[in-house]
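Order of appearance sets the numbers: ligands from 1, and atoms from 1 within every ligand. Along the sequence shown, the residues carry numbers beginning at 1.
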Amino acid sequence: MVTRARVALISLICVGVAGCDLLTPSIVFVRQGFETGWEGWQQGSDVPQDPTTNRPVVWAIELSAKQYKEGYGSARFFLDGRQGDGTIWLAKLLTVPKGRPLIVNLSFYLWSPERSDNMRAYVVAYAGAIMPVEEAEFTHREPADKTKGWRRYQFTMPVADAEGELRVALGISVAWETILEYFIDEIRVEVR
Ligand SMILES: [Ca+2]
């Protein structure tokens, strides 16, 4: 009980302190480079209707060799954002200990076709006990066009208790009425 209490205490302290992750050993470590398939990553979307077709706007998440940060493949994210709204993502279920708070460190590389001061899209992230279904659940976000080419994004997300099943997700979200194409590679998830 002493050990468990200590881990819980360190986790609570770590919520607001960058860098103290090193005090707690990683309990889950996942890498995804999109060289051999999806490896359990599932696609999700929350997109508007296209008024010209009365169907959801066109989007796709697919394995691609067009761009890659490492290896020879990545995940291509395509989203018709011309309705000014929409979020698409990849999510993975991770088995984690029950009954204690978690710190989820998620990092990945995003390839953007341009550096832009206009807000075209956000990079978004999520960690929680249930699978995300709505754009509003992606409360962690950063502008997607900070750099032309590859740029690393990192999110630290505390989760109170995932009750043994943690869902981690990442993707892109429309911020401007335009067609979006990005690539994501070298995802790393560490849970402490
Ligand atoms: Ca790769």
Show which side-chain atoms of residues 84-91 pair as donor or acceptor with protein atoms under 3.5 Å away, not counting sequence neighbours.
residue, atom, partner, partner atom, Å
T87, OG1, E135, OE1, 2.8
T87, OG1, S173, OG, 2.8

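- E70 contributes OE2 and G73 contributes O; the angle these two atoms make at the Ca ion (ligand 1) is 160°, rounded to 10°.
- Taking a 6.0 Å sphere around OH of Y122, one finds it holds 12 or fewer heavy atoms contributed by other residues, nucleotides or ligands.
- When distances to the Ca ion (ligand 1) are checked against a cut-off of 3.0 Å, D185 contributes an N, O or S atom below that limit.
- Closest to the Ca ion (ligand 1) among the N, O or S atoms of E35 is OE2.
- Between the Ca ion (ligand 1) and K69 there is no N/O/S contact shorter than 3.0 Å.
- Under the rule for a salt bridge (Lys or Arg N to Asp or Glu O under 4.0 Å), the partners of R120 that lie at least two apart in sequence or sit in another chain are E114, D145.
- Heavy atoms from other residues, nucleotides or ligands lying under 6.0 Å from CD of E70 number more than 12.
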